[in-house]
Amino acid sequence: MFPLRPKIAAMAGYVPGFQPPDGESWIKLNTNENPYPPSPKVREAILAELGDGAVLRKYPDPSSQTARKTAAALYGVDPAWVIMANGSDELLNNLIRAFAGEGEEVAYVHPSYSYYATLAEIQGANIRTFGLTPDHKLADFPTVYEGKIFFLTTPNAPLGFAFSLEKIADLADRCRGMLVVDEAYVDFADHSALPLLQKHENLIITRTLSKSYSLAGMRLGLALARPEVVAALDKIRDHYHLDRLALAAASAALEDQACLQQTVTTIRATRERFSAALRQIGYTVIPSQGNFVFASPPDGDGKRVYDALFSRKILVRYFSDPALKHGLRITIGTDTEMDAAFEALRQIG
Ligand SMILES: *Cc1c(COP(=O)(O)O)cnc(C)c1O
């Protein structure tokens, strides 16, 4: 019939978390969105850029210079070490396209972000996973890993723990290919791999503005890496991957560090309070470095609790994966939302 590539025909495709229509009264704790609005400067910058709309006739800056410079100043690197992206998902995709050809290997930790596997499948790359020990150490990682890319999500999603800087440095040394440290949640964590960037040639750090900066709807991400890597990613991306409004939003958001700090401090405090309350009612809660917790009910039946929450219009994330089905990933919302979620969980038992 259609000359579809067999690998694409056979693919299941990634299933994102459920997005109820805007305006429905769910407590939405299933896709790690930020419950607080982005910096008011973001709205101002978007409106200033938009003006009467005439500016939309013209293509945006193809290389995101202003946003790159803002990010570079923020992270203390030269702008040649930064690339902006249409969500960090775009970077993950282009990293695979840049580094892993058909039949070559990419790896990631299981459980972590399974979208890496979907992207590798599209490329025709082979996928390998490394499991975790019960105390969240990498199981069976070889002394020398020969694959083209190893994706390390830290803080880990959906479990919430983070790998130490020593461990990340050790992994960079062991990888013959690239080590991509996916720091989607790092603004909620105690440490970042940023101090390792200059020293480890194969290190790439990806960030997103979707979570800590409350901009999931703008689709903004960035990567920090050596200029050679940035140049390669620049070659294969769409020329105009970021629209004018997104570019305006990116710089304004990154510049407002006071807003970021305030949101992050609040969410971290709510996270600790919610985790402690759940432990009081017999839940096992992994200490989290992200804006979510992985929590397991005493009977280890995540699906039962998911369904009971769903019927109360509270959305959380349940994974049927055998390594995760004993619990739920619950995004940290506002204090009011978490009080409601806790009360529901207490009733459900
Ligand atoms: C949310 C998330 C992303 C994707 O971020 P976007 O910038 O929204 O594409 C990437 N990696 C992990 C681990 C995430 O949780």
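Indexing begins at 1, ligand by ligand and atom by atom, following the structure's order.
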I'd like to check which ligand 1 atoms, numbered from 1 as shown, lie under 4.0 Å from a non-hydrogen atom of [X].
X: D89; value: 3 (C), 4 (C), 9 (O), 10 (C)
X: S210; value: 6 (P), 7 (O), 8 (O)
X: R219; value: 6 (P), 8 (O), 9 (O)
X: T153; value: 13 (C)
X: G87; value: 7 (O), 9 (O)
X: T208; value: 5 (O), 6 (P), 7 (O), 8 (O)

Would you please determine whether [X] falls within less than 4.0 Å of ligand 1 on a heavy-atom basis?
X: Y115; result: no
X: D182; result: yes
X: G221; result: no
X: E90; result: no

I'd like to know if the side chain of [X] reaches the main chain of [Y], judged simply by a donor and an acceptor atom lying under 3.5 Å from each other, with no hydrogens or angles considered.
X: R5; Y: I122; value: yes
X: R329; Y: N30; value: yes
X: T154; Y: F163; value: yes
X: Q198; Y: P195; value: no

### atom 15 (O) of ligand 1: nearest protein contact (heavy atom, Å)
Y185 OH, 2.6 Å
### Task
Considering heavy atoms of the protein only, find what lies nearest to atom 3 (C) of ligand 1 and give residue, atom and distance to 0.1 Å.
K211 NZ, 3.5 Å
### Task
Ignoring angles and geometry beyond distance, decide whether Y116 reaches within less than 3.5 Å of ligand 1 through its nitrogen or oxygen atoms.
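In this structure, Y116 places no N or O atom under 3.5 Å from an N or O of ligand 1.
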### Task
Kindly confirm or rule out an N or O of Y113 lying under 3.5 angstrom from an N or O of ligand 1.
no
### Message
At under 4.0 Å between heavy atoms, is it the side chain or the backbone of S88 that contacts ligand 1, or both, or neither?
### Response
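The part of S88 near ligand 1 is both the backbone and the side chain.
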Can [X] and [Y] be counted as an ion pair, charged N to O under 4.0 angstrom?
X: K325; Y: D301; answer: no
X: R273; Y: D339; answer: yes
X: R68; Y: D78; answer: no

### Whether Y116 and Y113 hold their rings parallel, tilted or perpendicular, with breakpoints at 30° and 60°
perpendicular
### Task
Run the ring-centre check on F130 versus F150 and record whether the distance is less than 6.0 Å.
yes
## Note on the structure
Scanning both residues in full, the closest heavy-atom pair of V15 with R317 reads O-NH2, 3.2 Å
